[in-house]
Amino acid sequence: MNPVKFRETKIVLKNIHRPHSRRLKTYLKAGGYQALKKVLKGMNPQGVIKEVERSRLVGRGGAAFPTGLKWEFAREAKDIPKYVVCNADEGEPGTFKDKQILEKDPHLLLEGMAICGYAIGARQGNIYIRGEYFQAYRILKEAVKEAEEKGFLGKNILGEDFSFSISLYRGAGAYVCGEETALLDSLEGKKGQSRVKPPFPAFEGFQNKPTVLNNVETLANIPDIILKGAQWFLKIGSQKTPGTKIYCLSGDIQRPGYYELPTGIKLKRLLIDYGKGVKGELKAILPGGVSSSFLTRKDLSVALDWPSVAKRGSQLGSGAIIILNDTHCMVDIARRCAQFFAYESCGKCSPCREGTKRTRELLTNITLGRGELSDLELLCELQEVMYDTSRCGLGQAALNAVRSAILKFRDEFEEHIRERRCRFGICPLGKESS
Amino acid sequence: MKSRLKERIEKILTEYGGKRQALLPALHLVQEREGHISEEVISYLASRLSLPSVDVYGMVTFYSLFSLKKEGKNIIRVCVSLPCYLRGGNQILETLKEELGIKEYETTPDKRFTLEPVSCLGLCDQAPAMMINDEVYGNLTKRKVKEIIRGFK
Ligand SMILES: Cc1cc2nc3c(=O)[nH]c(=O)nc-3n(C[C@H](O)[C@H](O)[C@H](O)COP(=O)(O)O)c2cc1C
Ligand code: SF4
Ligand code: FES
């Protein structure tokens, strides 16, 4: 494979550097809405889904579920009406990729959603957008209006027998609403607390009707897959999960930012060629935000795709790569992660509601010099229990970071407990504290 | 309740066919206009949507963008999630507390500012970061924070 071409493949961010990239005019000049045209003028819904299936596109929102299969489930479901819902709730700490598409190339998302609607037989799409994304909301609203005016959304799109409209719905500040079933409840005007699965949303989703729920980045891949074909897509990135991924680099890195690269790029190369190196000495990496497990220097050769990261015992999730240098205390960091989940737990199921609170308490005690060695075993056990028994992904993943910190940096935890010492002078340990 | 606000709520209710889906958009509207969700609004929405008041109340407490207490004119949302913390986010929160003379979730006595620690704002490449109302501020330092706040005064 030619490495230069390999590096320059852009799919979802290909337009964002154009001046006025958010405008319909710019989008059309760049070949926008051609995929929708191709679909409406000459493909049947099964053909569209076959193409998406053949591309092996998997969801970019975290769970990496095959997109074509999800669409097929919804298409086959008997109940009507059907819905397309876009997850634009982007809440995983360290993730800021969907925002780029929403703010800089909104029509790409709208086109992807319309194609999905045609494929599954839906006439209505909803974008659930994070409450704090004020700017993105305004831009999307404008884009929907533009698309409606020019006949790319609404009744009889491009003069064909297909109607599809898109509404926007604003979230209101709750991380758990990014979880698909909590999102659906929130979209129905309820508290965002997860539903028991199955049934999965493809069968019973919005208003209990068949619903495809996809992440922004996932949907933004659709127009090019349709236009250029699955064969083209398969040539990019990793075999098993081809295409590109927007990796978000944050934390102790020289050049934090978002980088769209072929899946399977080596972590080391991402950090050096794109991130321009670590600030200070590398200590630990969270490849999929605070919901993932810590990797260390030993893992620098890992290929950044879902199966490869999973083999290292972690999760790529939405691609939020957080870098930690050696000035941080892992006990303190574990406590911060636990705090986040205790705050964001929706409280619907007891393993997560109680487990996240207890974890925060145990870790806070360790940082105060009141920990016991048995706490470490307890925390690891708690991780297992929560993984097995929590109702949604929040509780299942809540202790990934904590457990992996204990396993990989055990000496730091023991030092806090046995010697009441934090070698970084960060934890209060015995000193009076808030 | 002001009649103008009632009118706008009614418009939202109609738009959503009187379904409870109207609840979040209506609460957004009221929060934006009034700086909080009052008991009066809660019972009004509950009765219009045939829901128990406690249900609407539960919505207000569940979602962090809504509040029961009246908030200040300017809402400062400072990120306390990990990527910002790694880049000194804690100092930003401390500086804000000092500069405003209030603690987390409090409002200044002159009602100009409310300080809220929040989860990741999607600005992690500009960490540490915060938002004031709908404006974003990134790559913050103590000095920058002080200048921004003083600029508001
Ligand atoms: C606690 C939690 C938060 C999540 N947050 C998001 C999110 O902000 N955005 C997103 O697209 N998916 C999020 N997900 C994943 C969704 O549940 C779902 O898998 C995804 O939106 C499906 O779309 P995809 O197949 O296109 O990835 C979250 C999952 C969990 C458990
Ligand atoms: S796992 Fe946590 S967030 Fe998910 S339903 Fe249970 S309490 Fe709520
Ligand atoms: S962690 Fe602070 S903005 Fe993302």
Side-chain angles (χ1 to χ4, degrees), chain A residues 90-99 130-138 167 169-177 186-193 207 248-253 255-258 279 286 289-290 320 322-325 327-328 332-333 336-337 339-340 343-344 346-347 401, chain B residues 12 15-16 19-29 31-32 37 45 49 51 55-67 75 77 79-90 103 116-131 133-136 138-139:
Chain A
E90 191 154 76
E92 180 66 37
T95 316
F96 42 95
K97 64 185 182 74
D98 295 337
K99 185 168 82 164
R130 244 198 109 146
E132 294 88 347
Y133 279 7
F134 298 98
Q135 173 80 345
Y137 173 72
R138 283 193 287 264
S167 334
Y169 202 76
R170 290 181 63 207
Y175 166 70
V176 69
C177 289
S186 183
L187 185 59
E188 290 173 8
K190 303 177 193 149
K191 284 199 260 182
Q193 293 180 315
Q207 317 274 22
C248 297
L249 268 182
S250 68
D252 300 314
I253 186 85
R255 214 175 63 182
Y258 52 90
K279 271 191 184 154
L286 285 171
V290 301
I322 306 174
I323 309 300
L324 283 75
N325 69 19
T327 63
H328 303 290
D332 175 55
I333 297 295
R336 302 284 310 188
C337 293
Q339 239 173 3
F340 172 78
Y343 179 76
E344 297 290 354
C346 83
Chain B
I12 292 173
E15 198 183 315
Y16 287 94
K19 289 212 211 105
R20 83 171 281 168
Q21 217 199 345
L23 205 42
L24 270 169
L27 290 172
H28 270 302
L29 170 82
Q31 179 73 40
E32 211 172 278
I37 313 287
L45 285 170
L49 292 164
L51 297 169
D55 203 341
V56 181
Y57 178 86
M59 293 285 289
V60 178
T61 53
F62 183 84
Y63 291 102
S64 70
L65 288 183
F66 305 138
S67 62
I75 300 168
R77 297 194 169 89
C79 172
V80 293
S81 285
L82 189 62
C84 280
Y85 178 69
L86 295 172
R87 303 306 310 154
N90 239 22
K103 292 210 209 56
E116 291 183 0
V118 298
S119 298
C120 178
L121 290 164
L123 301 165
C124 337
D125 52 345
Q126 309 163 44
M130 66 176 179
M131 291 182 78
N133 308 323
D134 53 6
E135 287 291 322
V136 305
N139 297 313

Please classify the contact between [X] and chain B as side chain, backbone, both or neither, with a heavy-atom cut-off of under 4.5 Å.
X      : answer
A:C177 : side chain
A:E344 : side chain
A:L286 : side chain
A:Y175 : neither
A:R255 : neither
A:S186 : both
A:E132 : both

Do the side chains of B:D55 and A:K190 get close enough for a salt bridge, i.e. N-O under 4.0 angstrom? no
By the definition side-chain contact (heavy atoms from CB on, under 4.5 Å), identify the one residue from B:S119, B:C79, B:S81 that meets it with A:P93. B:S81
Is [X] reaching over with its side chain to a backbone N or O of [Y], donor-acceptor style, under 3.5 angstrom?
X      : Y      : result
A:R336 : B:L86  : no
A:Y169 : B:P25  : no
B:H28  : A:G131 : no

Top contributor to chain B interface from [options] [non-hydrogen pairs under 4.5 Å]:
options                        : result
A:H328, A:Q135, A:Q193         : A:H328
A:G251, A:G91, A:G289          : A:G251
A:T95, A:L324, A:V290, A:D252  : A:D252
A:L187, A:T327, A:I323         : A:L187
A:G173, A:A172, A:S250, A:P256 : A:A172

[X] and [Y]: which non-hydrogen atoms are nearest, and at how many Å?
X      : Y      : value
A:G192 : B:Y63  : N-OH, 3.2 Å
A:R130 : B:G122 : NH1-N, 4.2 Å
B:M131 : A:F134 : CE-CD1, 3.6 Å
A:G94  : B:C120 : N-SG, 3.7 Å
A:C337 : B:L82  : SG-CD2, 4.2 Å
B:R20  : A:E188 : CG-O, 3.3 Å

Rounded distance (nearest 0.5 Å) linking atom [atom1] of [X] with atom [atom2] of [Y]:
X      : Y      : atom1 : atom2 : result
A:I322 : B:Y85  : CD1   : OH    : 14.0 Å
B:L24  : A:R170 : CG    : CZ    : 10.0 Å
A:K99  : B:L123 : NZ    : CG    : 4.0 Å

Chain A contact via [X] - which portion, at a heavy-atom distance below 4.5 Å:
X      : answer
B:N139 : neither
B:V118 : neither
B:R87  : side chain

If you tally heavy-atom pairs under 4.5 Å between each of B:A22, B:C84, B:A127, B:G58 and chain A, the highest tally belongs to B:G58
With chain A, which of B:L23, B:L121, B:N133 has the greatest number of heavy-atom pairs at distances under 4.5 Å? B:L121
Near B:Y57 OH, under 6.0 Å, is it more than 12 heavy atoms from other residues, nucleotides or ligands? no
Find out whether B:K19 and A:Q207 are in side-chain contact, i.e. whether some heavy atom of one side chain is under 4.5 Å from a heavy atom of the other.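 In contact.
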Would you check if A:Y343 and B:S64 make a side-chain contact, meaning some heavy-atom pair closer than 4.5 Å? yes
Checking B:D134 against A:Y133 for the side-chain hydrogen bond (donor to acceptor under 3.5 Å, both in side chains) test, could you report, in this order, the C-alpha distance in whole Å, the side-chain angles of both residues, the deciding distance, and whether it holds? CA-CA 8 Å; B:D134 53 6; A:Y133 279 7; over 6 Å; no
